[in-house]
Amino acid sequence: MNHDLTLWRHAKLATLHGEAAWGWIEHGAMLAQGETLLWVGAESALPKELIQRLQTSHDLGGALVTPGLIDCHTHLVYGGQRAAEFELRLQGASYEAIARAGGGIRSTVAATRTATDAQLLASARQRAQALMAEGVTTLEIKSGYGLSLEHEARCLSVARQLGQSLPLSVRTTYLGAHALPPEFEGQSDAYVDAVCAWMPQLQAQGLVDAVDAFCENIGFTLAQTRRVFEAARNLGLPVKLHAEQLSDQGGAALAAEFGALSCDHIEHLSNQGIAAMAQSGTVAVLLPGAYYFLRDTHVPPIAALRAAGVPMAVSTDHNPGTSPSLSLLLMLNMACTLFRLTPEEALRGVTVHAARALGLQDRGQLVAGQRADFCVWDVGHPNELAYWFGRNPCQRVFVGAQERLP
């Protein structure tokens, strides 16, 4: 185990910890022992007994430092792309018409099933590296484009390989209940049976950190989602939910009943759903990329979530159909411009609250005891991270106190 003591000094720290706005420390320093932050505070208060044990010291030249960014909702592993559908929608074709013609999720399922493991890994690796270039240090990857035991396992295995081969933490989420595969046409209950039966097998292979479902009028019913969640609970797996994106199905209240880590999308979330999430501590994951790409006009109930004290995370929702974005920084800007989050709320949404949405207690803030995952930025104030778009000011990234080279 690495017990080396490392110092970073001459930094402006947005720790996102404590009562001060941004957790701000104007003239800050951080000490890490091994992969963990040992001390964070004003440079003038550095403990002398720790300084004497230093192995390495970095002068950051007065740069801004934030926690490493966390993208807590992606569908990063898939085959093909759906740019032709984007064009068809612009010409007036409906999502339903495209799906009936063989497009939509099923077209991605077909492309994913025919892609080799090496092809899936190579394309997902490129996408992950694009996110990493903007300071992402932790990433969630959902399955849901295999929709069979064999292909769901392949996609989850690729996600695991990304985390093992890149300086990046990857959390995997089993989303078998994403859509109905063609071989189960008209047999949605039988497919839910299969999704539940595959779950222990995938867990036994070490491929599942959490379980998700798409509860919607074009997805799965409340009763079917409950069966998926019960199977997850029996295995000790935490749950998440694609909830209330297109209509209010009551999914958020169901998810809260199961102590869900998060409810995601939530454009049509009801007051009852908000109250249930507040009671259970469930995170609301906002996905402005999908809202933008689908030209949605029904804004999530931000003010009500804020008033109820529901933590709000922000994510790319990277997927080929409704949010092909590979910029978490752009999502910061969209969360502010489209959903009216404050820049501080948006940054907390890709750090503190994104970590919570993944059930991770050891990251998302710069404070003693947390992982030494952090970014060094070429901006003067953290509000600029949400202000600029189309520019990447990320200068350096440290993962577990080790600098991640481009």
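The basis for the numbers below is simple: all heavy atoms, side chains too, and nothing from hydrogens, waters or symmetry mates.
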Asks: Might you confirm whether atom CD of Gln361 has over 12 heavy atoms from other residues, nucleotides or ligands at distances under 6.0 Å?
Replies: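 Counting neighbours around CD of Gln361, 12 or fewer heavy atoms of other residues, nucleotides or ligands fall under 6.0 Å, so no.
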
Asks: Within the side chain of Thr36, is there an N or O that forms a donor-acceptor pair under 3.5 Å with the backbone of Gln370?
Replies: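 The answer is no, because no donor-acceptor pair under 3.5 Å joins these two groups.
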
Asks: Using 4.0 Å as the upper bound for N to carboxylate O, is an ion pair formed by Glu43 and Lys12?
Replies: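 Between Glu43 and Lys12 there is no salt bridge, as every charged N stays at least 4.0 Å from the carboxylate O atoms.
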
Asks: Give me the atom names and distance for the closest heavy-atom approach of Leu147 to Gly176.
Replies: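 Where Leu147 meets Gly176 most closely, the heavy atoms are CD2-O, 3.5 Å.
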
Asks: Going through the distances and angles, do His242 and His73 end up as a ring-ring contact (aromatic ring centres under 6.0 Å, His included)?
Replies: CA-CA 10 Å; His242 284 62; His73 181 133; 4.7 Å; yes

Asks: Determine whether more than 12 heavy atoms belonging to other residues, nucleotides or ligands lie under 6.0 Å from atom NE2 of His151.
Replies: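 Correct, the count exceeds 12.
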
Asks: State whether a side-chain donor-acceptor pair under 3.5 Å links Ser247 with Glu216.
Replies: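 Yes, because at least one side-chain N or O of Ser247 sits under 3.5 Å from a partner of the opposite role on Glu216.
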
Asks: So, Ser262 side chain and Asp264 main chain: donor-acceptor pair closer than 3.5 Å or not?
Replies: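 Absent.
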
Asks: Could you tell me whether Arg127 sits above the aromatic face of Tyr78, with NZ or CZ closer than 6.0 angstrom to the six-membered ring centre and within 45 degrees of the axis?
Replies: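 Here Arg127 passes the 6.0 Å and 45° test against Tyr78.
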
Asks: Mark yes when over 12 heavy atoms from residues, nucleotides or ligands other than Glu230 sit less than 6.0 Å from its CD; otherwise mark no.
Replies: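 Above 12, so yes.
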
Asks: Mind checking whether His27 and His10 have ring centres under 6.0 Å apart?
Replies: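 Distance test on ring centres: not under 6.0 Å, no.
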
Asks: Taking the side chain from Lys240 and the backbone from Ala255, do they hold a donor-acceptor pair closer than 3.5 Å?
Replies: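 Checked: no pair found.
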
Asks: Considering only heavy atoms from C-beta outward, does the side chain of Arg82 approach that of Thr108 to under 4.5 Å?
Replies: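 Heavy-atom side-chain distance check passes, below 4.5 Å.
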
Asks: Tell me the closest heavy-atom pair linking Val397 and Cys375, and the distance in Å.
Replies: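 Minimum heavy-atom separation between Val397 and Cys375: CG2-SG, 4.3 Å.
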
Asks: Could you please spell out the steps behind the side-chain contact (heavy atoms from CB on, under 4.5 Å) verdict for Leu166 and Met132?
Replies: CA-CA 10 Å; Leu166 293 171; Met132 290 165 64; 4.0 Å; yes

Asks: I'd like to know whether the aromatic ring centres of His381 and Trp24 sit less than 6.0 Å apart in this structure.
Replies: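 Between Trp24 and His381, which both carry aromatic rings, the centre distance is below 6.0 Å.
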
Asks: CD of Glu134 to CG of Leu328: how many Å apart, nearest 0.5 Å?
Replies: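 The distance works out to 7.0 Å.
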
Asks: Does Lys142 pair with Asp212 as a salt bridge, N-O distance under 4.0 Å?
Replies: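 Looking at Asp212 together with Lys142, the answer is yes, because their closest N to O distance falls below 4.0 Å.
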
Asks: Compare all side-chain heavy atoms of Asp296 with those of Leu246 and state whether any distance is below 4.5 angstrom.
Replies: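 Side-chain contact under 4.5 Å: no.
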
Asks: Return the minimal non-hydrogen interatomic distance between Leu287 and His265, and the atom names on each side.
Replies: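 That would be CD1-CE1, 3.3 Å.
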
Asks: How long is the span from the OH atom in Tyr174 to the CG atom in Leu235, to the nearest 0.5 Å?
Replies: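 CG of Leu235 is found 10.5 Å from OH of Tyr174.
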
Asks: Count the heavy atoms of every other residue, nucleotide or ligand shown that sit under 6.0 Å from OH of Tyr292, and state whether that count exceeds 12.
Replies: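 It does not: Tyr292 OH has 12 such atoms or fewer within range.
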
Asks: Hey, is CD on Gln279 packed in by over 12 heavy atoms from elsewhere, all under 6.0 Å?
Replies: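 Not more than 12 within 6.0 Å, no.
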
Asks: Taking the basic N atoms (NZ, or NE/NH1/NH2) and the acidic carboxylate oxygens, is any pair closer than 4.0 Å for Glu257 and Arg226?
Replies: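 Judged by the 4.0 Å cut-off on N to carboxylate O distance, Glu257 and Arg226 do form a salt bridge.
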
Asks: Is it true that Arg348 and Glu344 make a salt bridge, defined as a side-chain N closer than 4.0 Å to a carboxylate O?
Replies: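 Yes, charged N to carboxylate O under 4.0 Å.
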
Asks: I'd like to know if the side chain of Glu152 and the backbone of Leu149 have a donor-acceptor N/O pair within less than 3.5 Å.
Replies: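 Flag not set: sc Glu152 to bb Leu149 has no pair under 3.5 Å.
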
Asks: Would you indicate whether Glu87, at its atom CD, is surrounded by more than 12 heavy atoms from other residues, nucleotides or ligands within a distance under 6.0 Å?
Replies: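 Atom CD in Glu87 is not packed in, count stays at 12 or less.
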
Asks: So how far is it from Leu241 CG to Leu261 CG, rounded to the nearest 0.5 Å?
Replies: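 One gets 11.5 Å once the value is rounded to the nearest 0.5 Å.
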
Asks: The test is salt bridge (Lys or Arg N to Asp or Glu O under 4.0 Å); show your working for Arg391 and Asp378 and say whether it passes.
Replies: CA-CA 11 Å; Arg391 173 195 172 201; Asp378 180 25; 3.5 Å; yes

Asks: Is any side-chain heavy atom of Val367 closer than 4.5 Å to a side-chain heavy atom of Leu37?
Replies: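 Not touching, per the 4.5 Å side-chain cut-off.
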
Asks: Is there a side-chain contact between Arg160 and Val170 (heavy atoms, below 4.5 Å)?
Replies: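 They are not in contact (no side-chain heavy atoms under 4.5 Å apart), so the answer is no.
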
Asks: I need the minimum non-hydrogen distance between Gly250 and Glu244, along with the two atoms involved.
Replies: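 Answer, listing the atom of Gly250 first, then Glu244: N-OE1, 3.4 Å.
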
Asks: Hey, are Arg396 and Glu403 close enough for a salt bridge, meaning a charged N less than 4.0 Å from a carboxylate O?
Replies: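 Between Glu403 and Arg396 there is a salt bridge, with a charged N closer than 4.0 Å to a carboxylate O.
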
Asks: Hey, could you give me the CZ/OG distance between Arg113 and Ser148, rounded to the nearest 0.5 Å?
Replies: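 Arg113 atom CZ to Ser148 atom OG measures 4.5 Å (nearest 0.5 Å).
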
Asks: Considering only heavy atoms from C-beta outward, does the side chain of Thr74 approach that of Asn319 to under 4.5 Å?
Replies: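 Side chain of Thr74 against side chain of Asn319, heavy atoms only: no contact under 4.5 Å found.
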
Asks: Please find the pair of heavy atoms, one from Asn392 and one from Ala133, that lie closest to each other, and give the distance.
Replies: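 Closest pair (atom of Asn392, atom of Ala133, distance): ND2-O, 2.8 Å.
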
Asks: Are the side chains of Leu131 and Leu139 in touch, meaning some heavy atoms are under 4.5 Å apart?
Replies: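 Yes, at least one pair of side-chain atoms sits under 4.5 Å.
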
Asks: Without hydrogens or angle criteria, can the side chains of Ser315 and Asp317 be said to hold a donor-acceptor pair below 3.5 Å?
Replies: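 Short answer, no.
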
Asks: Decide if the gap between the ring center of His58 and the ring center of Phe398 is smaller than 6.0 angstrom.
Replies: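 His58 vs Phe398: aromatic centres under 6.0 Å.
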
Asks: Between Arg404 and Asp373, is the salt bridge (Lys or Arg N to Asp or Glu O under 4.0 Å) condition met? List the steps.
Replies: CA-CA 10 Å; Arg404 185 168 74 188; Asp373 291 355; over 6 Å; no

Asks: With heavy-atom distances below 4.5 Å as the criterion, would you say the side chains of His298 and His268 are in contact?
Replies: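 Contact flag for His298/His268 side chains = yes.
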
Asks: Decide salt bridge (Lys or Arg N to Asp or Glu O under 4.0 Å) for Arg171 and Glu140; before the verdict, give the C-alpha distance in whole Å, the side-chain angles of both, and the deciding distance to 0.1 Å.
Replies: CA-CA 5 Å; Arg171 303 293 287 178; Glu140 185 251 21; over 6 Å; no

Asks: Would one find more than 12 heavy atoms of other residues, nucleotides or ligands at under 6.0 Å from atom CD of Gln91?
Replies: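 Yes.
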
Asks: Side chains of Thr282 and Ser280: donor-acceptor distance under 3.5 Å anywhere?
Replies: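 Ser280 and Thr282 do have a side-chain donor-acceptor pair below 3.5 Å.
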
Asks: Given the rule in the side-chain contact (heavy atoms from CB on, under 4.5 Å) test, do Leu175 and His75 qualify, once you have shown the distances and angles that lead to the verdict?
Replies: CA-CA 9 Å; Leu175 180 58; His75 306 252; 3.5 Å; yes

Asks: How long is the straight-line distance from CG of Asn383 back to CG of Leu332, given to the nearest 0.5 Å?
Replies: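 Going from the CG atom of Leu332 to the CG atom of Asn383 covers 11.5 Å.
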
Asks: Heavy-atom distance under 4.5 Å between the side chains of Leu38 and Leu5, does that happen here?
Replies: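 Leu38 reaches Leu5 side chain to side chain.
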
Asks: To the nearest 0.5 angstrom, please state how far the CD atom of Glu267 sits from the CZ atom of Phe339.
Replies: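 Here the interatomic distance stands at 5.5 Å.
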
Asks: Do Thr138 and Arg363 have a side chain donor and acceptor closer than 3.5 Å?
Replies: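 Yes - a donor-acceptor pair under 3.5 Å links their side chains.
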
Asks: Mind listing the closest non-hydrogen atom pair of Ile274 and Ala304 along with its distance?
Replies: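 Heavy-atom minimum between the residues: CD1-CB, 3.5 Å.
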
